[in-house]
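To keep things clear, I will list the structure first and then write my remarks on it.
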Number of protein chains: 2
Amino acid sequence: MKNIEIDEELYQYIVQHTQFIGESASSILRRLLSLENEQQPPIFSVEQLLDKGVASVVDRTSSDQLIGAKVVETQDINETVFNYVNKEELAMQRGAVGRFLLILAALYRGHAAQFSVVTEISGRDRLYFANTEQALAASGSSTKPRQIPDSPFWVMTNSNTTRKKMMLTKVANALGYSDEDAEKIRELL
Amino acid sequence: MKNIEIDEELYQYIVQHTQFIGESASSILRRLLSLENEQQPPIFSVEQLLDKGVASVVDRTSSDQLIGAKVVETQDINETVFNYVNKEELAMQRGAVGRFLLILAALYRGHAAQFSVVTEISGRDRLYFANTEQALAASGSSTKPRQIPDSPFWVMTNSNTTRKKMMLTKVANALGYSDEDAEKIRELL
DNA sequence: GATTCGATCGGAGGGATAGTTA
DNA sequence: TCTAACTATCCCTCCGATCGAA
């Protein structure tokens, strides 16, 4: 992700072309510039449902007849989601925050359709995930919200590394990962 | 002015539509979006207008007699050194210091044998380059020495961006680059 | 008590610019 | 004295460990 500085008027122009709540600047601009656009409205994307949706749904169910499928699907998840993680990019990050965001971005890419479940993960009084910067900021003091790259979600970032790892574990579980995989994901941080 | 976050690819797309040195993101975007655009190409580039820019031109005059050799070198250099610079890695750096070190590392890789000439480049009382951290630290206060990656050399890092550019120019010249190439190198920062 | 959670605050990095020197 | 070059202080932002609160 890159930050660019633009003038007020141009900013307003972009904002006015938002097509769904939480749409990122990238997404809006890509549409305006007629470029390929990955980001879709979180709920209605058919493509995402077909793509990654099945795996997570299967994973999360406790239904007997799906167990066989579950094992297989789990493999796929490992192949997909872990491929989304660019190890080099990860290693290059200066601190835990950078890695944290990269990992969450990978999880989002692999589970865009289900990702809003993370919204239920929160602390005693602070929100940990939300669709807007404001929601996080309002839920505590100095929460340091950061946008999960290429996603419409924001995370609370003002915590120690241990808690960030806990958050990753919770996210992984919420998305239906086995404990072993959740552990692997946590350890990426 | 507003800051917006955009993805890497979109950023590259915008950069590629730059029409003059120093053009702002707003200006480029406005052109791409067919909006009114105030910013025009400056008569002189921004860099040239900076007071320090003039100094390095003056400083260069002492290397006149090297011109013949310089021209020949230039061909080789373009093939070697610019290949050493990983543009993506460069772009990913958070600040000027990271890029500075990366560029110097590339120059070192291309000129390891002669690189110790940079040792002659220094400020009024501070050293700019040395073989040890201590040498730099001792030559001034808060010089913030940093090792040039994968090299035995250290650089002084506590300076503004303009000076870092000057340092690059001087290094390039000391290594025998033509002024045009030195300029290209400086502009990598 | 023991444990979890929050957010303050110290530390590090970066670099513009005020201030100093030649 | 005046100016240009150079220095390094100081302010800003980012991080995240630590310690107080719940």
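Letters A, B, ... mirror the listed sequences (proteins, then strands); counts begin at 1.
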For A/Met166, report the nucleic acid contact type (base, sugar-phosphate, nothing); a contact means any heavy atom under 4.0 Å.
-> sugar-phosphate
Could you state the atom-to-atom distance from CE of B/Met167 to P of D/dA5 in whole Å?
-> 17 Å
Who else is in the cluster with B/Trp154 when I, L, V, M, F, W and Y are joined by side-chain contacts under 4.5 Å?
-> B/Leu127, B/Leu136
Not counting sequence neighbours, which residues clear side-chain contact (heavy atoms from CB on, under 4.5 Å) with A/Thr162? List them please.
-> A/Asn160
State, to 0.1 Å, how close B/Ala96 and B/Leu189 come at their nearest heavy-atom pair, and which atoms those are.
-> O-CD1, 3.4 Å
For A/Arg163, all residues meeting side-chain hydrogen bond (donor to acceptor under 3.5 Å, both in side chains), sequence neighbours excluded | A/Tyr128
List the atom pairs, with distances to 0.1 Å, where a side-chain N or O of residues 118-126 of chain A and a protein N or O form a donor-acceptor pair under 3.5 Å, not counting sequence neighbours.
residue	atom	partner	partner atom	Å
A/Arg126	NH1	A/Asn158	O	3.3
A/Arg126	NH2	A/Asn158	O	3.3

Describe the nucleic acid contact of A/Phe100 in one word from base, sugar-phosphate, nothing, applying a heavy-atom distance below 4.0 Å.
-> nothing
What pair of heavy atoms forms the shortest contact from A/Ile185 to A/Leu168, and how long is it?
-> O-CD1, 4.0 Å
In short, the helix from C/dT3-D/dA22 to C/dA22-D/dT3 is bent end to end, axes from five pairs each side, to 10°, by 30°
Phosphate-side-chain proximity, B/Arg163 and D/dC6, N/O vs OP1/OP2 below 4.0 Å | yes
Hey, does A/Val171 have a side-chain heavy atom less than 4.5 Å from the side chain of A/Tyr177?
-> no
Taking only side-chain nitrogens and oxygens of A/Thr157, does any of them come within less than 4.0 Å of OP1 or OP2 of D/dG16?
-> no
What heavy-atom pair brings A/Ala137 and A/Pro145 nearest, and what distance separates the two atoms?
-> N-CG, 4.0 Å
side-chain contact (heavy atoms from CB on, under 4.5 Å) with A/Glu183: which residues, sequence neighbours excluded?
-> A/Arg186, A/Glu187
Enumerate all atom pairs, one protein N or O and one N or O from nucleotides 8-12 of chain D, separated by less than 3.5 Å.
residue	atom	partner	partner atom	Å
D/dA8	OP2	B/Ser141	N	3.3
D/dT9	OP1	B/Ser141	OG	3.4
D/dT9	OP2	B/Ser141	OG	3.2
D/dT9	O4	B/Asn158	ND2	3.1

In whole angstrom, what separates B/Lys165's NZ from D/dA5's C1'?
-> 19 Å
side-chain hydrogen bond (donor to acceptor under 3.5 Å, both in side chains) contacts in which one or both residues fall within residues 138-152 of chain B, not counting sequence neighbours | none
Sequence neighbours excluded, the answer for ring-ring contact (aromatic ring centres under 6.0 Å, His included) partners of A/Phe115 is A/Tyr108, A/Phe153
Bounded by its outermost nucleotides with an atom under 4.0 Å from a heavy atom of chain B, the footprint on DNA chain C reads C/dG14 to C/dA22
CZ of A/Arg146 versus C1' of D/dG16: gap in Å, rounded?
-> 13 Å
